[in-house]
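Within every chain, numbering begins at 1; the chains are lettered A, B, ... in the order of the sequence lines, protein sequences first and strands thereafter. As the structure is a prediction and not an experimental result, all values here were calculated from the model.
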Amino acid sequence: MGVIDIPMLSEPSNATAADILAGLTEPQREAAAHTEGPLLVLAGAGSGKTSVITRRAAYIAATVARPHEVLAITFTNKAAGEMRDRVEALGFGRSMTVCTFHSLCARLLRVYHNAVGLSQNFTIYDQDDSRAVIKRAIRSCEFDSSNWPVSKVQAQISHAKNDLLDPDAFEKNATHWHEEQLSRLYFAYQKILTKEQGLDFDDLLMKTALALQHDEELRARLEDRYRYVLIDEYQDTNEAQYRIAHLLTQKHGNLCATGDPDQSIYGWRGANIKNILRFEEDHEGAKVVRLEQNYRSTKRILSAASRLILANAHRKKKDLWTENPEGKKVRVVECENAEEEADFICAQLRQAMSGGRSANDLAIFYRLSSLSLALELALTRAGVPYQIARGQAFYGRREIKDLLAYIRVLINPADATSLRRIINTPTRGIGKTTVSKLETAAQRTGRSMLDVVMDPAELQALGRGGTRVAEFARLLQELKPYTDGPAADALRSVFDKSGLHASLRGQETVDEIPLENVDNLIAEAKKFDEAEPEGTLVNWLEQTALLGDADTIDEHAGRVTLMTLHASKGLEFPMVFIVGLEDELLPFRRDQDDWGDKEEERRLCFVGMTRTKEELTLTHTRWRMRRGRIQRNVRSPFIEELPAEEIEWLPEQTDGFSTAGSRHGRSAPSGQLPHDIEQWQVGTLVRHPRYDLGQVIAIRRGASRTHATIKFQSGDQQTFVLEFADLTRVDFDEVG
DNA sequence: CTACCGGATTTTTTT
DNA sequence: AATCCGGTAG
């Protein structure tokens, strides 16, 4: 990361203040050596920010505080791990708290669960879990599900929580009928979560923020515990995170925020770019340091990215510069469709690798994770090893969720959602009617559903279904003791004894993939058990629940890395490909009435480009399948915003024939469709704006281009690339 | 209670 | 295009 590396110490003794600051530039040193009072570091892309904040944390530990008094909040768990390692390498041990907002909150709530009325073993609900609960809430309120789409309700509740509105506050704030109705759903949703001791991602933040706000004693304790607070990627904090940051630093005032408004890309999930823009107003006398020298990218890449971001109207001016070499031009490549785009990139990757590049150096970014599919296929076919950044997606797999649901039930007896999931998985003859009988019994007696399941007296009343449930109860009893042991053992035992293993193996079409996934899960758990001998199953579950997409990548894996543009934030690669630079895809637009946030989309593109150290390629296609339909594309307006002198076009733009001749004319050709091209053959009659009528006399089809030689009426003979030449097909009877 | 069939719907981005 | 959900038949 960055050019500036922390000097390695020969002995484990603490680095001195001078060691820590060695080799920093003036502004970097200014930031790293600032200890008391609020500090804002406006760090441009690639300005060595990570190194600076790590050193600042170490510097504080070396001069004014003990390591455990420092709290550093990063954007991903992976970044946290790296920072922890570096601080340790400087000789300050592992007692510094370095984590993400969500894991900090989870940890605090685990410790202070009494203060917020939670069970210590609360479960963290991921998006899918939360979605399922929302569905139940909608049903319980007897709302028409067609008027209350789950994903919309979920998003709105999420926003409410990000704004620290609990159901009561939300109801009070409601101004429209719609909001009043929504508040009923919110109440119902929260009621279920509370009953099941489940917290969704937003609850982690909201509950912590509200607890800090209302519980003076708790706040006082934590303020003194964390006397120095550093928050990275401050431009992407939401209201809840902002509040937590402020509540924690009220007394000592040692809040250090680092970030870059140009890299704010999470507005859609409640991040408020104003948090960073108004830092100076919020903190009188705050010191502000700007880091504008880029150590990462070549001049050309930096110039292209800077020009792009210049198009944003609402922006704090910033001038990035670099002393790095000029480098190669940024390539813009047009492809026919996603398959050719993928093939092209594969060929480029192979070429780069045979030219001596390590696969670790290579990355492909895309706007939508669905775009990874074509790439994966091509990479597999070409035998290029790759890894994909996806955290939650893995844990969303059915077999994984099933297995985890068992663990959850064993840990948190209130978790009826998980209980419902596993009670008949694998099928053991417990159907809907039996389950609803169990539910009624639970309601009647005011106990949890699990209590009823475990109560032989209740089961007797269920008749035949009851014996099946009794067997299930025995199973849970048998599994329970494993929750005290290592996570890997618990998983293995549950998988084998629950029948999940047998059911996956028993299918006629034995699908190896689910079994592999489970093996991987258990292997991960084993790693956890080894790395953290003190860790409990609850800890492991929490860690997996909070795992982000970017956390799963390993930069030394010897593989090409694929990820979304969002996940690429904070990373860097020597050679980068960004695919799908098409209108409505890279400035993304969901549907007709969605205008999206074009500036945020532009920042997203900027983030992707500025990940690149040496070689950047942007690709777009003429055709792409979207939601099952093939769609024609217009090149992304972002491409037009790049400085022409830094761009190399592929295929070259100099056909010399096209009347429009402009880049725009190309991006939205009005001529024949490429579909049509498939049907062109020797003998096809065509018309060209300059040569007029002609006939195809030879045709050669390549991977992404079709070359055709045309003999014209005038006697001229020319070879064209059909995809780009302004040729139209002419019907025989049109020829007069 | 399970299995199967057909219509509807989808995630944009993530902790 | 692929998956998921709900309804119905066995």
A:T564 vs A:R367, test: side-chain contact (heavy atoms from CB on, under 4.5 Å). Steps then yes/no.
CA-CA 6 Å; A:T564 62; A:R367 176 65 237 259; over 6 Å; no
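Following rounding to the nearest Å, A:F365 (CZ) and B:dT14 (P) show an atom-to-atom distance of 13 Å. Look at CG on A:N162: it is 16 Å from P on B:dT14, rounded to the nearest Å. Protein atom CZ of A:R131 is 16 Å distant from nucleotide atom P of C:dT3, rounded to whole Å. A:R390 has its CZ atom 18 Å from the C1' atom of B:dT15, to the nearest Å. The NZ-P distance, from A:K569 to B:dT14, rounds to 12 Å in whole Å. The distance between atom CD1 of A:I265 and atom C1' of B:dT14, rounded to the nearest whole Å, is 10 Å. Rounded to whole Å, the distance from CZ on A:R629 to C1' on C:dA1 is 10 Å. For the pair A:L109 CG and B:dT15 P, the computed distance is 19 Å after rounding to whole Å.
Counting non-hydrogen atoms under 4.0 angstrom, A:Y266 reaches the backbone sugars and phosphates but no base. Residue-level contact check: A:S369 touches the backbone only, with heavy atoms under 4.0 Å from sugar-phosphate atoms and none from bases. Residue A:Q127 is in base contact, counting any heavy-atom pair closer than 4.0 Å across all strands shown. In this structure, A:K135 reaches the sugar-phosphate backbone alone: every heavy-atom distance under 4.0 Å involves primed, P, OP1 or OP2 atoms, never a base. Heavy atoms of A:T434 sit under 4.0 angstrom from primed sugar atoms or phosphate atoms, though from no base atom.
Projected onto DNA chain B by closest heavy-atom contact, A:T427 and A:D551 fall at different nucleotides, the more 5' of which corresponds to A:T427. Across the interface with DNA chain B, nearest-nucleotide mapping of A:G429 and A:T564 shows A:G429 to be the residue nearer the 5′ end.
Close to B:dT2, at under 4.0 Å from its OP1 or OP2, lies a side-chain N or O of A:N424. Within the structure, every side-chain polar atom (N or O) of A:K432 is placed at least 4.0 Å from both OP1 and OP2 of B:dT2. In this structure, A:R590 reaches the B:dT12 phosphate: one of its side-chain N or O atoms is under 4.0 Å from OP1 or OP2.
Comparing B:dT14, B:dT10, C:dA1 against the side chain of A:M625 picks out C:dA1 as the nearest. Of the candidate nucleotides B:dT15, B:dT10, B:dT14, B:dT15 has the atom nearest to the side chain of A:Q392. Residue A:H102 has its side chain nearest to B:dT15 when only B:dT10, B:dT15, B:dT14 are considered.
We find the OG1-CZ distance between A:T194 and A:F122 to be 13.0 Å, quoted to the nearest 0.5 Å.
Evaluation of atom-type donor-acceptor distances gives a pair under 3.5 Å for the side chain of A:R367 against the base of B:dT12.
Smallest separation of non-hydrogen atoms from A:D202 and A:S158: OD2-OG, 2.9 Å. Nearest heavy-atom pair across A:G608 and A:V576 is O-CG1, 4.4 Å. Nearest approach of A:A72 to A:M83, heavy atoms of both residues: CB-CE, 3.6 Å.
Between A:F75 and A:Y266, the distance separating the two ring centers is shorter than 6.0 angstrom.
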